[in-house]
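None of the values given here were measured: they were computed from a predicted structure.
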Amino acid sequence: MKITMEEVTTYLTQGQRFLITAHVNPDGDAIGSSLGLQAYLRRQGKTAEVFIDDDLPRNLSFMPGFSGIRRPDGADWKPDFLVVLDTDTNRIGEVPKCAPGAKILNIDHHISNDGKADYLYLAKRSATAEMLFEILESSGVDFPLEVAIPLYVGIATDTGFFRYSNTTPLTMRVGGRLLEVGIRPSDISELLELKPLTVVKGQAAALDTLELFANGRVAGLFLEKTFVDQMESTDSFIDLIRVIEGVEIAVLIKAVEERRCRVSIRSKGINVSDIAVRFGGGGHIRAAGCTLNMTLAEAKAALVPVLSEAVAKEP
Ligand SMILES: [Mn+2]
């Protein structure tokens with residue numbers, strides 16, 4: 001059932017015990033939103049835990065509260081609410097097993113959200129963290145750093161540091177408010193952009209796999225499992241090819257198991273969320289992804305023609 005921002009505030013006020021989660025393969029918005037909400041709820045005297053059913057990116061570990069994030073442990077935590085952030089309920093792994101009987105309160109900004117949660121607050125915002133800023137601001141919080149830092153990280157990472165097309169006047173105003181309470185953007189961007197040497201060198205190796213399709217309008221990187229296993233993160237790799245002149249869709253396919261590939265797709269305007277949904281994934285119009293139970297070669301053969309067809313339909 002869709003609910004309003006005011007109703008979210010009501011449920012956050014009424015509940016006493018909250019289990020917070022976000023999507024697997026977590027990014028800055030997933031973790032930032034979770035930690036920001038947790039810090040806020042704890043300041044209200046409530047019980048709030050963050051469970052995420054996946055490994056966490058090490059470059060986000062500077063955020064207050066990061067070390068308290070746990071994997072689901074199978075125990076019944078008896079929360080009043082399971083709060084699902086930055087995804088629908090399809091991409092949260094085993095976390096629901098820790099919250100049997102809890103109402104699911106879903107806060108998300110992905111147009112592909114399936115709407116199956118008990119309560120869904122969905123809005124067109126740059127980041128789930130931006131939605132949380134508005135929710136918490138309406139309840140009069142003063143944004144201490146343990147709330148402000150994670151929310152700023154969520155917005156900064158989802159907007160490419162206030163550069164992508166999802167950046168709105170509201171995004172900038174929220175960023176400005178967070179600067180007023182003590183956020184230092186240069187410090188945060190330095191921490192977020194730190195990469196191990198292997199990853200920087202890995203970018204060069206990844207570019208060796210670059211292929212162009214559809215007369216240069218689709219660019220792809222195709223990463224074998226043995227290579228991916230050596231990389232702590234490949235999150236920045238798609239940005240290397242998204243910027244190539246003439247490229248309208250960039251795709252990165254990486255094998256994470258022999259028959260399992262994770263796919264990231266970026267576009268300059270073509271709706272790639274629709275394409276990702278067709279393959280069981282989802283996302284935003286210009287940034288989406290999916291997971292395919294295929295080998296790297298099969299995934300490439302399945303996706304590239306669909307992406308080429310999508311650019312061919314554009315003038
Ligand atoms: Mn997000």
Participant: CD1/I52 to OG1/T21 distance, rounded to the nearest 0.5 angstrom?
Facilitator: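 OG1 of T21 is found 5.5 Å from CD1 of I52.
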
Participant: Which class fits the ring pair F51 and W77: parallel under 30°, tilted 30 to 60°, perpendicular over 60°?
Facilitator: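 Rings of F51 and W77: perpendicular, as their planes differ by over 60°.
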
Participant: Step by step, work out the side chain to side chain contact (heavy atoms under 4.5 Å, CB included) result for S267 and E248.
Facilitator: CA-CA 5 Å; S267 89; E248 286 163 56; over 6 Å; no

Participant: Can you confirm whether more than 12 heavy atoms, excluding those of K103, are under 6.0 Å from its NZ atom?
Facilitator: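 Atom NZ in K103 is not crowded, with 12 or fewer foreign heavy atoms closer than 6.0 Å.
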
Participant: For the backbone of A205 and the side chain of T209, can you confirm whether one donor and one acceptor N or O come within less than 3.5 Å of each other?
Facilitator: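 Absent.
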
Participant: Please check if atom CZ in R42 has more than 12 non-hydrogen atoms from other residues, nucleotides or ligands closer than 6.0 Å.
Facilitator: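 More than 12 heavy atoms, drawn from other residues, nucleotides or ligands, come within 6.0 Å of this atom.
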
Participant: What do the steps show when you test Q230 against T198 for side chain to side chain donor-acceptor pair (under 3.5 Å), and what is the final call?
Facilitator: CA-CA 8 Å; Q230 296 163 32; T198 49; over 6 Å; no

Participant: What distance separates M1 CE from Y121 OH, expressed to the nearest 0.5 Å?
Facilitator: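 Going from the CE atom of M1 to the OH atom of Y121 covers 15.0 Å.
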
Participant: In the single-linkage hydrophobic clustering (I, L, V, M, F, W, Y; side-chain heavy atoms under 4.5 Å), do V95 and F66 co-cluster?
Facilitator: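 No, because V95 and F66 fall into different hydrophobic clusters, even though each may have its own neighbours under 4.5 Å.
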
Participant: Counting only heavy atoms not in E193, do more than 12 sit closer than 6.0 Å to its CD atom?
Facilitator: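 Above 12, so yes.
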
Participant: Report yes if the side chains of V272 and I285 come closer than 4.5 Å at any heavy-atom pair, otherwise no.
Facilitator: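 V272 vs I285: side chains apart.
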
Participant: Kindly compute the distance separating CD1 (I3) from OH (Y119), expressed to the nearest 0.5 Å.
Facilitator: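 I3 CD1 to Y119 OH: 8.0 Å, rounded to 0.5 Å.
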
Participant: If you define the side chain from C-beta out and look only at heavy atoms, does anything of F279 sit under 4.5 Å from L303?
Facilitator: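 Counting from C-beta outward, F279 and L303 do come under 4.5 Å.
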
Participant: Side chain to side chain contact (heavy atoms under 4.5 Å, CB included) between V251 and S264: does it pass, once the steps are laid out?
Facilitator: CA-CA 6 Å; V251 61; S264 303; over 6 Å; no

Participant: Could you tell me whether the side chain of L292 reaches within less than 4.5 Å of the side chain of V263, counting heavy atoms only?
Facilitator: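 Heavy-atom side-chain distance check passes, below 4.5 Å.
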
Participant: Is the centre of the F133 ring less than 6.0 Å from the centre of the F143 ring?
Facilitator: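 Ring centroids of F133 and F143 are less than 6.0 Å from each other.
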
Participant: As a quick check of understanding, evaluate side chain to side chain contact (heavy atoms under 4.5 Å, CB included) for D142 and R43, giving each step before the final call.
Facilitator: CA-CA 11 Å; D142 55 354; R43 281 175 77 93; 4.0 Å; yes

Participant: Please round to the nearest 0.5 Å and tell me the distance separating atom CG of L296 and atom CG of L223.
Facilitator: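 Those atoms lie 7.5 Å apart.
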
Participant: Verify side chain to side chain contact (heavy atoms under 4.5 Å, CB included) between I241 and L207, making sure each step is shown before the conclusion.
Facilitator: CA-CA 8 Å; I241 61 170; L207 282 174; 3.8 Å; yes

Participant: Using only atom types and a distance under 3.5 Å, with no angle test, would you say the side chain of R266 pairs donor to acceptor with the backbone of I249?
Facilitator: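 Flag not set: sc R266 to bb I249 has no pair under 3.5 Å.
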
Participant: Donor-acceptor check, side chain of E49 to backbone of L19, threshold 3.5 angstrom: yes or no?
Facilitator: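 Checking the backbone N and O of L19 against the side chain of E49, no donor-acceptor pair under 3.5 Å is found.
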
Participant: Do the charged groups of D55 and R71 touch, with an N to O distance under 4.0 Å?
Facilitator: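 Counted as a salt bridge, because a side-chain N and a carboxylate O are separated by less than 4.0 Å.
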
Participant: Tell me whether I69 shares a hydrophobic cluster with I20, the cluster being built from Ile, Leu, Val, Met, Phe, Trp, Tyr side chains joined at under 4.5 Å.
Facilitator: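 Yes, one cluster joins them.
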
Participant: Are R217 and E314 close enough for a salt bridge, meaning some N to O gap below 4.0 Å?
Facilitator: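 Here R217 does not pair with E314 in a salt bridge, since their nearest N and O are not under 4.0 Å apart.
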
Participant: Assess whether a salt bridge exists between D274 and R278, defined as any Lys/Arg side-chain N lying under 4.0 Å from an Asp/Glu carboxylate O.
Facilitator: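 Looking at R278 together with D274, the answer is no, because their closest N to O distance does not fall below 4.0 Å.
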
Participant: Going by heavy atoms in the side chains, are L82 and T89 under 4.5 Å from each other?
Facilitator: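 Of all side-chain heavy-atom pairs linking T89 with L82, none is under 4.5 Å.
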
Participant: Judged by modelled atom types alone, do T295 and E258 share a side-chain donor-acceptor pair under 3.5 Å?
Facilitator: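 Side-chain D/A pair, T295 to E258: absent.
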
Participant: Are N166 and S126 close enough that a side-chain donor and a side-chain acceptor fall under 3.5 Å?
Facilitator: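 Their side chains do not contain a donor-acceptor pair, so the 3.5 Å distance test is not met.
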
Participant: If we ignore hydrogens and angles and just use 3.5 Å, is the side chain of D86 paired with the main-chain N or O of D29 as donor and acceptor?
Facilitator: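 No; judged by distance alone, with no hydrogens or angles, the pair does not exist.
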
Participant: Around atom CZ of R259, are there more than 12 heavy atoms from other residues, nucleotides or ligands closer than 6.0 Å?
Facilitator: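 More than 12 heavy atoms, drawn from other residues, nucleotides or ligands, come within 6.0 Å of this atom.
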
Participant: Taking R260's backbone N and O only, do any of them form a donor-acceptor pair with N293's side chain (distance below 3.5 Å, no angle check)?
Facilitator: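 Not at all, since once roles are kept as given, no pair shorter than 3.5 Å links the two residues.
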
Participant: Is a side-chain N or O of S33 found less than 3.5 angstrom from the main chain of A30, in a donor-acceptor match?
Facilitator: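 Not a single qualifying donor-acceptor pair exists.
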
Participant: Under 4.5 Å between any side-chain heavy atoms of D158 and H109, yes or no?
Facilitator: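 The answer is yes; the side chains approach within 4.5 Å.
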
Participant: To the nearest 0.5 Å, what is the distance between OG1 on T159 and CZ on F161?
Facilitator: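 The OG1 atom of T159 sits 8.0 Å away from the CZ atom of F161.
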
Participant: Any carboxylate oxygen within less than 4.0 angstrom of a Lys/Arg side-chain nitrogen, looking at K254 and E224?
Facilitator: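 No, this pair does not count.
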
Participant: Once you measure the plane-to-plane angle for F213 and F222, does it fall in the parallel (<30°), tilted (30-60°) or perpendicular (>60°) bin?
Facilitator: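 F213 vs F222 ring planes: perpendicular.
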
Participant: Any chain of hydrophobic side-chain contacts (each under 4.5 Å) joining L122 to Y11?
Facilitator: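 Per the 4.5 Å side-chain linkage, L122 and Y11 are not co-clustered.
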
Participant: In terms of side-chain geometry, is the basic nitrogen of E137 or R177 positioned less than 4.0 Å from the acidic oxygen of its partner?
Facilitator: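 Result for this pair is yes, salt bridge flagged.
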
Participant: Could you give me the CA-CA distance, side-chain angles and deciding distance for Y40 and S139, then say whether side chain to side chain donor-acceptor pair (under 3.5 Å) is met?
Facilitator: CA-CA 11 Å; Y40 164 78; S139 50; 3.2 Å; yes

Participant: Treating Ile, Leu, Val, Met, Phe, Trp and Tyr as nodes and any side-chain heavy-atom pair under 4.5 angstrom as an edge, say whether L192 and L35 lie in one connected cluster.
Facilitator: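 Hydrophobic grouping puts L192 with L35.
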
Participant: The test is side chain to side chain donor-acceptor pair (under 3.5 Å); show your working for E7 and T10 and say whether it passes.
Facilitator: CA-CA 5 Å; E7 289 170 298; T10 303; over 6 Å; no

Participant: Any link between L85 and I111 through a network of hydrophobic side chains (Ile, Leu, Val, Met, Phe, Trp, Tyr) touching at under 4.5 Å?
Facilitator: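 No, L85 does not connect to I111 through the hydrophobic network.
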
Participant: Regarding R91 and D88, does a basic nitrogen lie under 4.0 Å from an acidic carboxylate oxygen?
Facilitator: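 No, R91 and D88 are not salt-bridged.
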
Participant: So do the side chains of V50 and R70 get within less than 4.5 Å of each other, counting heavy atoms only?
Facilitator: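 No, every pair of side-chain atoms sits at 4.5 Å or beyond.
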
Participant: Using a strict 4.0 Å threshold on nitrogen-to-oxygen distance, state whether E232 and K195 make a salt bridge.
Facilitator: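 Salt bridge between E232 and K195, a charged N being under 4.0 Å from a carboxylate O: no.
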
Participant: How many angstroms lie between atom CE of M231 and atom OG1 of T226, to the nearest 0.5 angstrom?
Facilitator: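 Answer for the CE-OG1 pair, M231 versus T226, is 10.0 Å.
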
Participant: Salt bridge or not for D108 and K2, using N-O below 4.0 Å?
Facilitator: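 No salt bridge links D108 with K2.
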
Participant: Do D229 and K225 have side-chain heavy atoms sitting under 4.5 Å apart?
Facilitator: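 In contact.
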
Participant: Does the side chain of S165 come under 3.5 Å of the side chain of R286 through a donor N or O and an acceptor N or O?
Facilitator: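 The answer is yes; a qualifying pair exists.
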
Participant: Side chains of T171 and T168: do they bring a donor and an acceptor to under 3.5 Å?
Facilitator: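 Side-chain D/A pair, T171 to T168: present.
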
Participant: How about Y152 and F162: are their ring centroids closer than 6.0 Å?
Facilitator: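 They qualify: ring centres under 6.0 Å apart.
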
Participant: D54 side chain to N25 main-chain N or O, any donor-acceptor pair under 3.5 Å?
Facilitator: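 Looks like yes, one N/O pair under 3.5 Å.
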
Participant: Side chain to side chain contact (heavy atoms under 4.5 Å, CB included) with V84: which of L120, L105, I104?
Facilitator: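 With V84 as partner, side chain to side chain contact (heavy atoms under 4.5 Å, CB included) holds for just one option, I104.
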
Participant: Step by step, work out the side chain to side chain donor-acceptor pair (under 3.5 Å) result for N106 and N113.
Facilitator: CA-CA 10 Å; N106 188 187; N113 189 296; 3.1 Å; yes

Participant: Please determine whether the number of non-hydrogen atoms from other residues, nucleotides or ligands lying under 6.0 Å from atom CG of D73 exceeds 12.
Facilitator: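 Yes - once you tally the heavy atoms of other residues, nucleotides and ligands closer than 6.0 Å, there are more than 12.
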
Participant: Would a 4.5 Å heavy-atom cut-off, applied to side chains only, mark L212 and V218 as touching?
Facilitator: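 They are not in contact (no side-chain heavy atoms under 4.5 Å apart), so the answer is no.
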
